[in-house]
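This report refers to the structure that appears directly beneath it.
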Amino acid sequence: MDYYSITTILIVLSALFGYINERFLKLPITIGLMVITIAFTVVVVVIGQFDDTLLLQEKEFISMIDFETVLLDVMLSFLLFAGALHTNFNQLKVQRWPILAFATLGVLVSTFLVGIAMFYVLQIMGLNIDFIYCLLFGALISPTDPIAVLGILKKAGAPKKLETKIVGESLFNDGVGVVVFLTIFAIAAKPDAAIELSDIATLFGQEVIGGIVLGLFLGWITYQLMRSIDSYEIEVIVTLAAVMGGTMLAHQFHLSAPLAMVTAGLIVGNDTVRDSAMSETTELYVDKFWELVDVLLNTILFVMIGMEMLVLTLDGKFIYAGLLAIPIILMCRYISLFIPIKFFSRRLDFVPKTNLIMTWGGLRGGISIALALSLTENMHRELFLVITYVVVVVSIIGQGLTVGPLIRRLTRGKS
């Protein structure tokens with residue numbers, strides 16, 4: 001099956017499931033699509049017990065989609081740019097230091113805590129997994145997913161300063177998380193090779209700092225081009241070119257494309273650039289175009305996540321390990337946020353129970369699944385893929401449905 005046919009089927013399913021959700025379930029789009037797709041997949045499996053024609057066709061279809069490449073190399077840049085474009089830059093500037101701490105120190109601490117805890121839990125379960133692979137799991141599951149977070153927070157009614165912390169952290173920590181994962185992956189892939197601390201620091205610096213610098217450059221170029229003309233059609237195309245060309249450059253020079261796109265999106269979307277480079281018509285079209293891109297790719301992504309269930313090795317012990325991982329990951333996230341929140345709460349006015357809200361609002365999504373799919377068989381890919389899938393499904397459906405009421409209850413009367 002060619003790429004056009006695969007894309008067509010995904011869009012048709014996304015439109016159908018999106019319609020069902022909007023017409024009947026009325027859930028947030030990410031949650032609704034995942035629930036409907038999983039229900040659809042279960043129905044196909046049940047039918048497959050009597051006639052496996054449709055089941056085999058769906059399995060074959062899913063196996064044709066390179067989820068890891070599609071999400072990490074293609075969709076993620078568009079989604080992060082769209083999310084950053086509509087993020088309050090002034091609020092982000094005020095909260096920049098705690099967001100930086102959450103996205104770096106928080107991810108690193110959570111990675112090691114999850115890795116250590118899962119190592120001992122799996123040992124108790126009789127699954128003898130080397131510590132480095134547990135650490136690799138900690139790296140792929142620690143970053144929160146901006147794609148899942150952004151869609152749900154829009155309807156949660158969170159105070160702006162709290163929303164900025166959650167959104168800002170999720171935009172940046174996923175770029176940092178991918179770099180941490182790749183670093184540990186390089187060590188795990190060559191356990192006997194001597195890897196110097198300087199090599200790790202160089203890789204981390206090149207990806208993170210290089211990605212941010214590229215994003216600043218792309219944002220500045222885009223601003224200069226948009227300021228020099230007044231044509232909403234061309235200006236929309238310029239933003240699209242910045243994302244696609246910038247992603248290609250990042251991959252070419254081994255820089256972090258997610259961090260580049262977040263940085264570029266924040267620059268293009270901030271009020272100063274909007275006021276000086278965009279007419280009201282251009283601003284309207286740029287915003288609407290990227291909102292549509294965001295919704296379209298979100299629907300396709302969560303349909304793919306729901307369908308991935310068909311290719312999992314649903315071993316009972318693996319599922320049980322996934323269920324045990326959920327409270328462990330939440331606890332490790334709470335601990336990893338504790339010190340930064342305590343430190344910065346003395347300087348900045350934090351909403352009460354910020355740690356609890358950020359822990360419960362830190363959803364896991366497609367990025368974790370994509371990273372789990374990139375593991376090799378030697379790294380216990382099937383085990384960690386099932387654990388990741390269980391965590392992601394419970395996170396998006398369970399936490400996603402309850403984070404709004406939790407925020408409203410804990411922040412009543414706050415701004």
Side-chain angles (χ1 to χ4, degrees), residues 95 97-122 129 131-149 165-185 187-188 200 204 207-208 256 258-259 321-345 350 353-372 374-375 379 384 387-392 394-396 398-400 403:
Q95 305 287 346
W97 294 117
I99 288 171
L100 180 64
F102 298 149
T104 52
L105 180 64
V107 169
L108 288 169
V109 171
S110 176
T111 294
F112 280 93
L113 290 178
V114 171
I116 293 167
M118 287 304 296
F119 174 74
Y120 286 107
V121 166
L122 293 174
I129 311 297
F131 175 68
I132 189 67
Y133 303 135
C134 295
L135 200 60
L136 201 53
F137 171 72
L140 70 87
I141 207 69
S142 289
T144 56
D145 191 331
I147 302 160
V149 170
K165 290 185 186 72
I166 297 174
V167 172
E169 181 212 5
S170 65
L171 284 171
F172 282 101
N173 79 358
D174 113 288
V176 173
V178 169
V179 175
V180 172
F181 174 84
L182 292 174
T183 304
I184 298 174
F185 186 95
I187 298 170
I200 296 173
F204 195 84
E207 289 272 353
V208 174
S256 173
L259 289 175
L323 294 173
L324 289 176
I326 294 167
I328 289 171
I329 291 163
L330 288 170
M331 191 182 304
C332 292
R333 174 163 170 80
Y334 186 91
I335 295 169
S336 70
L337 296 174
F338 183 79
I339 294 175
I341 287 175
K342 280 293 182 185
F343 181 79
F344 287 106
S345 61
F350 274 36
K353 307 291 184 183
T354 291
N355 200 347
L356 178 60
I357 296 171
M358 288 190 67
T359 298
W360 197 250
L363 309 183
R364 272 68 183 185
I367 293 166
S368 293
I369 292 177
L371 293 176
S374 72
L375 297 175
M379 297 172 181
F384 288 122
I387 294 175
T388 302
Y389 194 85
V390 171
V391 171
V392 167
V394 172
S395 173
I396 291 174
Q399 292 170 235
V403 69

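Because only heavy atoms are used, hydrogens play no part in the values below, and waters and symmetry mates are left out as well, while side chains stay in.
Ser345 places a side-chain N or O within 3.5 Å of a backbone atom of Lys342 that can act as its donor or acceptor partner. Side chain of Ser142 to main chain of Gly138: a donor-acceptor pair is present (N/O by atom type, distance under 3.5 Å, no hydrogens or angles). Under the 3.5 Å distance criterion, the side-chain polar atoms of Ser395 are matched with a main-chain donor or acceptor of Arg364. In this structure, the side chain of Arg333 engages the main chain of Met358 through a donor-acceptor pair within 3.5 Å. The closest donor-acceptor contact from the side chain of Ser170 to the backbone of Asp145 lies at 3.5 Å or more, if one exists at all.
No more than 12 heavy atoms of other residues, nucleotides or ligands lie within 6.0 Å of OH in Tyr120, so this atom counts as exposed by the packing criterion. The environment of CG in Leu323 is crowded: more than 12 heavy-atom neighbours from other residues, nucleotides or ligands sit within 6.0 Å. Within a 6.0 Å sphere centred on CZ of Phe204, other residues, nucleotides and ligands contribute more than 12 heavy atoms.
Within the 4.5 Å cutoff, side-chain heavy atoms of Pro98 are placed close to those of Phe350. Phe172 is not listed as a side-chain neighbour of Leu100, based on a closest heavy-atom distance of 4.5 Å or more. Residues Ile166 and Ile357 are in side-chain contact: their nearest non-hydrogen atoms beyond the backbone lie under 4.5 Å apart. For the pair Ile141/Met118, no side-chain contact is recorded, criterion being any heavy-atom separation below 4.5 Å from C-beta on. At a threshold of 4.5 Å between non-hydrogen side-chain atoms, the residues Asn173 and Glu169 count as touching. Under the 4.5 Å side-chain criterion, counting only non-hydrogen atoms from C-beta, Phe102 is in contact with Ile341. For the pair Ile329/Phe137, a side-chain contact is recorded, criterion being any heavy-atom separation below 4.5 Å from C-beta on. No side-chain heavy atom of Thr183 sits under 4.5 Å from any side-chain heavy atom of Glu207.
Rounding to the nearest 0.5 Å places CG of Leu182 at 7.5 Å from OG of Ser374. Taken from CG in Leu113 to CD1 in Ile335, the straight-line distance is 5.5 Å, to the nearest 0.5 Å. Atom CG of Leu337 and atom SG of Cys332 lie 11.0 Å apart (nearest 0.5 Å). Between the CZ atom in Phe131 and the CD1 atom in Ile116 there is a gap of 5.0 Å [rounded to 0.5 Å]. The line from CG of Asp174 to CD1 of Ile367 is 3.5 Å long, rounded to the nearest 0.5 Å. In this structure, CG on Leu135 lies 8.0 Å from CD1 on Ile187, to the nearest 0.5 angstrom.
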Between Thr111 and Ile184, is a side chain to side chain contact (heavy atoms under 4.5 Å, CB included) present by the stated rule, with each step listed? CA-CA 10 Å; Thr111 294; Ile184 298 174; 3.9 Å; yes
I'd like to know whether Val392 forms a side chain to side chain contact (heavy atoms under 4.5 Å, CB included) with Tyr389, so could you lay out the CA-CA distance, the side-chain angles of the two residues, the decisive distance to 0.1 Å, and finally the verdict. CA-CA 5 Å; Val392 167; Tyr389 194 85; 5.8 Å; no
Check the pair Val391 / Ser368 against side chain to side chain contact (heavy atoms under 4.5 Å, CB included), numbers first and verdict last. CA-CA 9 Å; Val391 171; Ser368 293; over 6 Å; no
Apply side chain to side chain contact (heavy atoms under 4.5 Å, CB included) to residues Leu375 and Leu140 and explain how you reach the verdict. CA-CA 10 Å; Leu375 297 175; Leu140 70 87; 4.2 Å; yes
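In this structure, Ala101 and Phe344 approach most closely via the heavy-atom pair CB-CE1, 3.8 Å. In terms of heavy atoms, Leu136 sits closest to Ala188 at CD2-CB, 4.4 Å. Taking each heavy atom of Ala372 and Phe384 in turn, the nearest pair found is CB-O, 4.4 Å. Closest of all the heavy-atom pairs between Pro143 and Ala139 is CD-O, 3.1 Å. The two residues Cys134 and Leu122 come nearest to each other via the heavy atoms SG-CD1, 4.0 Å. Contact detail for Ile129 and Tyr133: the closest heavy-atom pair is CG2-CB, 3.9 Å.
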